[in-house]
Amino acid sequence: MASPFFEYLREFMLSRRYAKRTIDTYLYWIRFFILFHDKRHPNQLGDAEVEQFLSYLSNQRHVAVKTQATALNSLSFLYRHIIQRPLSQDLHFNKSHTPQKLPVVLTRAEVQALLALVDLRYKLLAQLLYGSGLRLMEAIRLRVQDIDFDYLSVLIWQGKGNKNRRVTLAGELVPILYGHFSQRHATALGLQRPICCKKQLSGRCQQGLAGGAVFVF
């Protein structure tokens, strides 16, 4: 059973529209901080204990620079918004110097081989993830009206950090997307055959697809 303190933390962040992943990350590091100091309440701790914890992460856990920064951000949130006693801007702790691991970048041939093995039900989703650089939840929440076929771009609303952005749309996906839309629309209308191409999409059909919050997937 979660403690009332952590339930309050979760509700506080949810009410301010923090992303689920951010909430989970902050709760993890706050819990780790409390356990490190023998389950003492954060209200009884301060700058010195935060410095000690951050130095421990660097010296004993050998965490990466970004990981230590995430832990610091979590504790800064805790003391600024919950404890209402912001941390000092001049904390002294041993900073991590472990470099981040370089990501593995697939070649075009490897990407093609990977996409060829994806289940057909999820292939278009995977192609959008790769071709437009979308995050998983951004693709799942993607709406028909967010795809601009004229400019070959995709509008992403309230992505990471609640930021909006425009990304490119691979031209190869245009006919596939039209086929996907027409299939969905035909299914909704109870038609036996899908509408095959853009020219066959009536104005009413296009309005029905583009109006309201019609999701791509």
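In what follows, every heavy atom counts, from backbone to side chain, and hydrogens, waters and symmetry copies are set aside. One-based numbering along the sequence shown.
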For Ser96 and Val63 the tightest heavy-atom approach is OG-O, 3.1 Å

Do Asp24 and Lys20 sit within salt-bridge range, that is, some charged N less than 4.0 Å from a carboxylate O? yes

What closest approach, in Å, do Leu27 and Leu9 show between heavy atoms, and which atom pair accounts for it? CD2-CB, 3.7 Å

Crowding at CZ, Arg80 (>12 non-hydrogen neighbours, <6.0 Å): no

Within this structure, what is the CZ-CG distance for the pair Phe33 and Leu72, rounded to the nearest 0.5 Å? 11.0 Å

Presence of salt bridge, Arg40 and Asp38, under 4.0 angstrom: no

Charged N-O contact under 4.0 Å between Glu11 and Arg16: no

Rounded to the nearest 0.5 Å, what's the gap from CG on Leu115 to OH on Tyr122? Could you check? 15.5 Å

Gln68 vs Ser58 side-chain heavy atoms within contact, under 4.5 Å: yes

CZ (Phe93) and CG (Leu57) are apart, to the nearest 0.5 Å, by 9.5 Å

Taking all non-hydrogen atoms of both residues, which atom of Ser153 and which atom of Leu169 are closest, and how far apart? N-CB, 3.7 Å

Is a side-chain N or O of His97 found less than 3.5 angstrom from the main chain of Lys95, in a donor-acceptor match? yes

Minimum heavy-atom distance Ala71-Leu54, with the two atoms named: CB-CD2, 4.2 Å

Look at Asp146 together with Arg143 and state whether they make a salt bridge at an N to O cut-off of under 4.0 Å. yes

When you measure from the side chain of Glu138 to the backbone N and O of Arg135, does any donor-acceptor pair fall under 3.5 Å? yes

Side chain to side chain contact (heavy atoms under 4.5 Å, CB included) between Asp47 and His92: does it pass, once the steps are laid out? CA-CA 9 Å; Asp47 291 350; His92 297 283; over 6 Å; no

Under 3.5 Å: donor-acceptor pair, side chain of Ser55, backbone of Gln52: no

Gap separating the CG atom of Leu106 from the CD atom of Gln112, nearest 0.5 angstrom: 11.5 Å

Do Ile83 and Leu78 have side chains that approach each other closer than 4.5 Å (heavy atoms only, starting at C-beta)? yes

May I ask you to test the Leu177-Leu124 pair for a side-chain heavy-atom distance under 4.5 Å? yes

According to a 4.5 Å side-chain heavy-atom criterion applied to Ile, Leu, Val, Met, Phe, Trp and Tyr, with indirect links allowed, do Ile156 and Tyr130 form part of one hydrophobic cluster? no

Atom pair CD/OG of Gln127 and Ser132 - distance to nearest 0.5 Å: 10.5 Å

Taking all non-hydrogen atoms of both residues, which atom of Trp29 and which atom of Leu75 are closest, and how far apart? O-CD2, 4.4 Å

Cation over ring face, Arg61 and Tyr56, 6.0 Å, 45°: no

Rounded to the nearest 0.5 angstrom, the CE-NE2 distance for Met13 and His81 is 10.5 Å

